[in-house]
Amino acid sequence: MGNPQAEDEVALFEKDMKEFWIQLKISYGTEQNNQTSALRDLCKETIEALSEKWSKKLKEEDLMIDKIQEYNNEILQQSKYVAEKEEQLTEIKSKLNQEEEQQQNLTDNIQELKEELMKKMEIKSSKSKAAKEKVEQVSKITTLFKEHLGLEMRRIHDEQLQFIFRHIDHKDPDKPYMCTLSINEQGDYEVTSCTPPLDCIAELQLKLRETNNFSAFVANIRKAFTALSYKQNRKNGTAKIH
């Protein structure tokens with residue numbers, strides 16, 4: 001599309017030129033000889049005025065075009081800037097979403113660990129309570145065993161109980177026969193040492209775990225030691241039933 005302002009200027013210029021020629025013809029017909037110089041000056045002035053006028057208009061048009069181009073460039077730069085910021089914003093949102101997801105995963109893991117720790121603490125507390133009850137049970141019958149079976153119990157290192165049986169060997173009533181018992185991490189009874197060794201100790205330990213009958217276990221240990229002593233004395237030819 002053409003520039004309406006420029007078209008108006010062209011029409012104005014054509015109008016000025018027509019008026020000029022009309023005046024020129026009139027002046028030439030009436031005062032041909034006297035006004036030739038004046039007409040020449042008038043023509044020159046008119047042309048200079050029109051030239052100056054159009055030169056100014058063209059400069060204004062050039063300035064306007066430059067200004068429009070400048071605005072267009074500025075708009076383009078602003079569009080690029082906005083596009084870059086939108087891209088950065090998208091990346092930031094994506095990172096925030098990832099961080100939120102990681103934070104949630106971390107929270108879930110911490111909660112799982114806390115629940116697992118609580119369960120372990122409950123199990124440990126339960127086992128500790130059971131172990132304490134077993135130790136108390138052993139302590140309660142210590143006096144009874146010592147008085148009736150010649151048994152002495154001692155608490156030694158690592159919370160172990162040592163049973164010392166006497167009056168087993170009739171040749172040497174004070175000779176000690178020892179068995180050491182502890183409670184393992186699973187809360188079960190475990191024989192850690194036996195002097196002299198008994199072939200049936202593993203079987204007696206298993207029976208104790210199954211029945212939890214501590215009195216029967218101690219009595220069976222004493223019977224086993226007595227049988228071993230009898231066997232050894234018989235082998236030496238001095239056996240005597242105790």
Side-chain angles (χ1 to χ4, degrees), residues 102 104-242:
Q102 292 175 356
Q104 185 61 43
N105 291 337
L106 181 60
T107 301
D108 294 341
N109 290 336
I110 291 174
Q111 183 62 30
E112 291 178 1
L113 290 174
K114 287 174 66 177
E115 293 175 357
E116 183 178 354
L117 180 61
M118 290 298 295
K119 289 180 180 178
K120 288 183 177 180
M121 290 178 66
E122 290 176 0
I123 293 172
K124 184 176 181 181
S125 176
S126 177
K127 290 180 178 179
S128 177
K129 183 178 179 181
K132 185 177 180 181
E133 290 175 353
K134 289 181 179 180
V135 171
E136 289 176 353
Q137 179 186 5
V138 171
S139 298
K140 286 179 181 178
I141 60 176
T142 299
T143 303
L144 177 64
F145 285 163
K146 187 174 183 180
E147 292 176 354
H148 296 279
L149 300 176
L151 172 65
E152 179 183 357
M153 289 189 229
R154 297 176 182 174
R155 181 173 294 180
I156 59 176
H157 58 86
D158 297 331
E159 296 297 323
Q160 297 184 95
L161 285 176
Q162 187 179 62
F163 301 89
I164 304 174
F165 296 89
R166 302 183 192 278
H167 307 298
I168 300 293
D169 188 348
H170 69 279
K171 291 178 58 178
D172 186 2
D174 291 330
K175 179 181 178 180
Y177 288 72
M178 294 180 290
C179 177
T180 304
L181 193 68
S182 68
I183 298 174
N184 60 24
E185 293 181 354
Q186 287 71 37
D188 297 326
Y189 290 111
E190 182 176 352
V191 177
T192 57
S193 68
C194 183
T195 307
L198 293 174
D199 295 336
C200 61
I201 193 66
E203 180 182 352
L204 295 177
Q205 174 183 272
L206 179 60
K207 191 172 182 179
L208 173 61
R209 291 181 178 180
E210 292 175 348
T211 64
N212 202 33
N213 191 335
F214 189 79
S215 299
F217 170 77
V218 174
N220 289 331
I221 289 289
R222 181 178 179 81
K223 288 179 182 179
F225 279 141
T226 300
L228 178 63
S229 175
Y230 175 80
K231 183 178 179 181
Q232 289 175 344
N233 289 335
R234 184 177 180 184
K235 184 177 180 181
N236 294 331
T238 59
K240 181 179 178 181
I241 298 176
H242 178 68

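If you read the sequence from its start, that first residue is 1, and numbering goes on from there. Computed over heavy atoms, backbone and side chain alike; hydrogens, waters and symmetry mates excluded.
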Separation between [atom1] of [X] and [atom2] of [Y], rounded to the nearest 0.5 Å:
{"X": "Cys200", "Y": "Lys207", "atom1": "SG", "atom2": "NZ", "result": "10.5 Å"}
{"X": "Leu198", "Y": "Lys223", "atom1": "CG", "atom2": "NZ", "result": "14.0 Å"}
{"X": "Ser229", "Y": "Lys171", "atom1": "OG", "atom2": "NZ", "result": "9.0 Å"}
{"X": "Gln205", "Y": "Asn220", "atom1": "CD", "atom2": "CG", "result": "13.5 Å"}
{"X": "Gln232", "Y": "Leu228", "atom1": "CD", "atom2": "CG", "result": "4.0 Å"}
{"X": "Glu122", "Y": "Leu117", "atom1": "CD", "atom2": "CG", "result": "10.0 Å"}

With a 4.5 Å limit on heavy-atom distance, are the side chains of [X] and [Y] in contact?
{"X": "Leu208", "Y": "Leu181", "answer": "yes"}
{"X": "Arg166", "Y": "Pro176", "answer": "yes"}
{"X": "Phe163", "Y": "Val218", "answer": "yes"}
{"X": "Lys175", "Y": "Ile168", "answer": "no"}
{"X": "Ile164", "Y": "Arg154", "answer": "yes"}

| request: Only counting residues at least two apart or in another chain, list the ones meeting side-chain hydrogen bond (donor to acceptor under 3.5 Å, both in side chains) with Thr192. | output: Gln160
| task | Carefully, step by step, assess His157 and Gln162 under the rule side chain to side chain contact (heavy atoms under 4.5 Å, CB included). | result | CA-CA 10 Å; His157 58 86; Gln162 187 179 62; over 6 Å; no
| request: With sequence neighbours excluded, tell me which residues meet ring pair (Phe, Tyr, Trp, His ring centres under 6.0 Å) with Phe225. | output: Phe165, Tyr177
| field | Contact list for residues 185-205, test salt bridge (charged side-chain N to carboxylate O under 4.0 Å, His left out), sequence neighbours left out | value | none
| message | Apply side chain to side chain contact (heavy atoms under 4.5 Å, CB included) to residues Glu116 and Glu112 and explain how you reach the verdict. | response | CA-CA 6 Å; Glu116 183 178 354; Glu112 291 178 1; over 6 Å; no
